[in-house]
Q: 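This structure is in structure tokens; I'll ask about it shortly.
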Amino acid sequence: MSISCHTDEARRLDALHKLNILDTPPGEAFDRITRMAARLFDLPIAAVSLTDSDRQWFKSRVGVEHWSIPRIKAPCGNVADTSELLVIPDLQDDAHFRDSPLAASGIRYYAGAPLITADGHCLGAMCVLGTAPRDTAPEELTMLCDLAAMVMSQIEIMHALGRVDPISGLPNRNQFIEDFQDLQRESEDGEQRVAILINLATPAQLAHAVRAMNPRYLDELVADAASWIRAELGPGRKVYHVATTQFAMLSSSQMPIEQYTPLLETKLAQAIATVKTRFVATPTIGIVPFDLSSTDALSVLRRAQSAVQDATESGCAVALYSFGEDQMYRRRFSLLNDFGAALESSGQLRLVFQPRIAIASGACVGAEALLRWTHPTLGAIGPGEFMPIVERSRLAQATTSWVLDTALDQQLAWRNRGLVLQLSLNVSAANLLEADFADRVVNGLRRRGLPHHCLELEITESAIMEHPAKAQATLETLARAGIHLAIDDFGTGYSSLAYLQRMPADVVKIDQSFVRDIENDQRQQGLVRAMISLSQDLGHRVVAEGVENGAALAFLRDAGCDEAQGYLFARPLEVADFGRWHREQDLTQMAEDAPLLGVDGALQAVDHAFAMRAPRQPCNPATVPAPTRRRLLVR
Ligand code: C2E
Ligand code: MG
Ligand code: MG
């Protein structure tokens, strides 16, 4: 063969391979044309036959058992070589084909029309075959050429419809979906497959790369990966470019799934060692076993994506899809979506209030507002589940705004009825970054004519430590405005003592995990005593959370803790129950004090007491103000 023939054949094969049609499942669009060809010629055999380097591969076939036959002495191979129509009325009479495998299998008649691409490459033939010699009418040849043209249109339409990624040259997600559907049509019930998704880099790495380099860098990363994946898989295995930096493939291997992980880990490690981007990108792989007949392509990709994220989060190179993890993420995602709707609708969200008690006097000195959500279909969902999701989203600001407005309205209503309490609200890390957060809080109080000290904001140490400098600035503005601040869940985060000392907080709330079971745990007791005295020495009042029994309360009283909150006193209460609880609490003293003070007098006395409560004097217990008057409710 001459050099130019070699290059022509190389170009022809390149054109064929770029179409990514070889070794794909049969498709109905092609089968329809093949059936039509067999019927029009009234012959038992017809095929769309593509000429690969060493074989004729049938994209679609009628009356043929095999998917491919050797290229040597195959008439379709001649059509591909010459790009011309070929008719052999009787193979036995043809000097070249008489001893071909086709003739040996009993085929006598052949007619094939070339499948020619728009840029002139012949991919193979649309052919019809018979077991008896036959003549061909000119109209039949015209029809065969028309059918070949229809096959080519179908091939080019498939290609043109955005099925190949221009950067990697690999079939894309659309093609993945279509091949998946074709595979399903061919599958038997319960047929198992495995999907493998390769993710080239974590979102953070991509963000860094895009920021530091020009867009070509990402293209190179992708092209580089496409070539090592293709080389790793070898010819005949199809890989799809399903997202910017993700490649998927389907395997029908019968290998037990547990053996997949170490195998892929080894392959990935070998591949990474050679790629240019090995220092800046961490590829991971997700594996999903699935039942071909009972799922769809996008669900498989979604599950593979979930496995990839598990791999990234766990620091492993390869992760197997986990149904439990997946369900959890799906629930989180839909909860976040639904929570956004809950904020906009009325009736799903409400606040409940848990009393806070001064240990020395036993008086209720405040209440913590806690958010409750009744989901329209899932029912009650606890803030322990939805708040961590909401706080990491853009809904954090709107949520705190809702809580602030609702709580201040409630505070106003209570004060108007003579119930005077300091109300504590939980705020999120994201709130501390809002430039106008302090202003909004102050305006909310002003609009309702509420004194600033009737509000306390609870912030966890972790929230403060997310952006310490900005948090400090916001907290200082709030403190200057006279709004009280509490460090919530103290002991569970990672704040340093330096921050604790600088925070303009009035109150430290010791997390309930330290208080639970304290009566039985001496080490815990030592820790809590140390927390109390350290916080008090720094000038903070100390509140113990999660006080559930008298023994815990007795310990806390002995350790000098200022206030307590917990089921021992009351669970978080609905608005109406809170009023009732409060009335019942101090019924006796209410009767004693009310005639003495009257509503206005009581309000003034209590406001004065609140304003005086903070700050605690650092390091000098003698100067700590006497416990607030036991009686806070006046009718
Ligand atoms: P937190 O601010 O530390 O609130 C105290 C939590 O402990 C509440 O849980 C309360 O019901 C519970 N608790 C109180 N006393 C006891 C007790 O004696 N034993 C036990 N086992 N638990 C007790 P809840 O209402 O489920 O809230 C959980 C967390 O959700 C809160 O912890 C807070 O971090 C967050 N959260 C609740 N409402 C809001 C809100 O409006 N905004 C923000 N940002 N976070 C909120
Ligand atoms: Mg709290
Ligand atoms: Mg807490």
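First listed ligand is number 1; within each ligand, the first listed atom is number 1. Please read all numbers here as calculations on a predicted model, not as lab measurements.
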Q: At what distance is the nearest protein heavy atom to atom 15 (N) of ligand 1, and which residue and atom is it?
A: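 Heavy-atom neighbour on the protein nearest atom 15 (N) of ligand 1: Gln354 NE2, 3.0 Å.
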Q: Which N, O or S atom name in Glu458 marks its closest approach to the Mg ion (ligand 2)?
A: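 Looking only at N, O and S atoms of Glu458, the one nearest the Mg ion (ligand 2) is named OE1.
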Q: Can you confirm if the NZ or CZ of Arg440 lies within 45° of the ring axis of Phe437 and under 6.0 Å from the centre of its six-membered ring?
A: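 Relative to the ring axis of Phe437, which defines the angle, Arg440 lies outside at least one limit.
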Q: Out of all atoms in ligand 1, which are within 4.0 Å of some heavy atom of Asp489? Include the element for each.
A: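 Every atom of ligand 1 under 4.0 Å from some heavy atom of Asp489: 3 (O).
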Q: How far apart are the C-alpha atoms of Asp489 and Thr460, what are their side-chain angles, what is the distance that settles it, and do they pass the side-chain hydrogen bond (donor to acceptor under 3.5 Å, both in side chains) test?
A: CA-CA 6 Å; Asp489 300 348; Thr460 62; 5.7 Å; no
Q: Is the closest heavy-atom distance from Arg372 to ligand 1 below 4.0 Å?
A: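 Yes, that is the case, since the closest heavy atom of the residue is under 4.0 Å from the ligand.
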Q: In the protein, what heavy atom is nearest to atom 6 (C) of ligand 1, and what distance, to one decimal place, separates them?
A: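 Among all protein heavy atoms, the one nearest atom 6 (C) of ligand 1 is Gln512 NE2, 3.6 Å.
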Q: Has Glu545 got any heavy atom lying under 4.0 angstrom from an atom of ligand 1?
A: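 Glu545: in contact with ligand 1 (<4.0 Å).
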Q: Looking at Asp488, pick out the N, O or S atom nearest to the Mg ion (ligand 2) and give its name.
A: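 Of all N, O or S atoms in Asp488, the Mg ion (ligand 2) lies closest to OD2.
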Q: Which is closest to atom 1 (P) of ligand 1 by heavy-atom distance: Val547, Asp488, Val427, Leu568?
A: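 Of the listed residues, Asp488 has the closest heavy atom.
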Q: In plain terms, say whether Arg356 and Glu368 are close enough for a salt bridge, that is, a side-chain N and a carboxylate O under 4.0 Å apart.
A: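 Looking at Glu368 together with Arg356, the answer is no, because their closest N to O distance does not fall below 4.0 Å.
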Q: Does Glu456 reach the main-chain N or O of Ile483 with its side chain, forming a donor-acceptor pair under 3.5 Å?
A: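 Checking the backbone N and O of Ile483 against the side chain of Glu456, no donor-acceptor pair under 3.5 Å is found.
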Q: At less than 4.0 angstrom from any non-hydrogen atom of Ser428, what atoms of ligand 1 do you find?
A: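 Matching atoms, with element in brackets: 44 (N).
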Q: Quick one: are Leu419 and His582 in side-chain contact, heavy atoms under 4.5 Å?
A: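 SC-SC contact between Leu419 and His582 confirmed.
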Q: Need the ligand 1 atom indices (1-based, order shown) with element for anything under 4.0 Å from a heavy-atom of Pro572.
A: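 Atoms satisfying the 4.0 Å criterion: 11 (O).
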Q: Does Glu563 pair with Arg541 as a salt bridge, N-O distance under 4.0 Å?
A: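 A salt bridge links Glu563 with Arg541.
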Q: Mark up the atoms of ligand 1 that fall under 4.0 Å of a heavy atom belonging to Val403, in ascending order.
A: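 So the answer, numbered in order with elements, is 41 (O).
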Q: Any atom of ligand 1 sitting under 4.0 Å from a heavy atom of Arg571?
A: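 It does not, in that no heavy atom of Arg571 comes within the 4.0 Å cut-off of ligand 1.
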Q: Any heavy atom of Lys509 sitting closer than 4.0 Å to ligand 1?
A: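 Heavy atoms of Lys509 never come under 4.0 Å of ligand 1.
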Q: Which residue and atom name correspond to the protein heavy atom nearest atom 31 (C) of ligand 1, and how close is it?
A: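 I find the closest protein heavy atom is Leu370 CD2, 4.3 Å.
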Q: Among the N/O/S atoms of Glu368, which is closest to the Mg ion (ligand 2)? Give the atom name.
A: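 The closest N, O or S atom of Glu368 to the Mg ion (ligand 2) is OE2.
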Q: To make sure I understand the geometry: which N, O or S atom in Asp489 is closest to the Mg ion (ligand 3)?
A: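 Going through the N, O and S atoms of Asp489 one by one, OD1 ends up nearest to the Mg ion (ligand 3).
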Q: May I ask you to decide whether Arg448 forms a salt bridge with Asp405, counting only side-chain N to carboxylate O separations under 4.0 Å?
A: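 Yes, Arg448 and Asp405 are salt-bridged.
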Q: Going by an N to O cut-off under 4.0 Å, is there a salt bridge joining Glu574 and Arg372?
A: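 Looking at Glu574 and Arg372, the cut-off is not met.
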Q: With a cut-off of 4.0 Å, which atoms of ligand 1 are near a heavy atom of Gly546?
A: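 Here the atoms of ligand 1 in question are 16 (C), 17 (C), 18 (O).
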Q: Measure up the Phe323 and Tyr321 rings against each other and bin them: parallel (under 30°), tilted (30 to 60°), perpendicular (over 60°).
A: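 Correct class here is perpendicular.
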Q: Using only atom types and a distance under 3.5 Å, with no angle test, would you say the side chain of Glu461 pairs donor to acceptor with the backbone of Gly491?
A: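 Yes.
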Q: State whether Asn426 contributes an N/O/S atom found under 2.8 Å from the Mg ion (ligand 2).
A: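 Within the cut-off used here (under 2.8 Å), Asn426 does place an N, O or S atom near the Mg ion (ligand 2).
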Q: Please report whether ligand 1 has a polar contact with Met387, defined as an N or O pair separated by less than 3.5 Å (distance criterion only).
A: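 N/O-N/O distance under 3.5 Å: no.
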Q: Which of the atoms in ligand 1, numbered in the order shown and given with their element, are less than 4.0 Å from a heavy-atom of Glu548?
A: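 Near Glu548, the atoms of ligand 1 are 17 (C), 18 (O), 19 (N), 20 (C), 21 (N).
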Q: For Gly382, is the nearest heavy atom under 4.0 Å from an atom of ligand 1?
A: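 Flag not set, Gly382 not near ligand 1.
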Q: Do the side chain of Glu325 and the main chain of Ser322 share a donor and acceptor less than 3.5 angstrom apart?
A: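 Side chain of Glu325 to backbone of Ser322: no pair is present.
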Q: In terms of residue, atom name and distance, what is the protein heavy atom nearest to atom 37 (C) of ligand 1?
A: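 I find the closest protein heavy atom is Pro383 CB, 3.6 Å.
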Q: Is Glu545 close enough that one of its N/O/S atoms sits under 2.8 Å from the Mg ion (ligand 2)?
A: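 Short answer: no, not a single N, O or S atom is under the cut-off.
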Q: Counting only heavy atoms closer than 4.0 Å, does ligand 1 sit against the backbone of Arg516, its side chain, both, or neither?
A: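 None of Arg516 does.
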Q: Taking only heavy atoms of Glu391 into account, list the atoms of ligand 1 that are under 4.0 Å away from them.
A: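 Within the 4.0 Å cut-off of Glu391, ligand 1 contributes 44 (N).
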Q: Does the separation of the ring centres of Phe353 and Trp414 fall below 6.0 angstrom?
A: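 Between Trp414 and Phe353, which both carry aromatic rings, the centre distance is below 6.0 Å.
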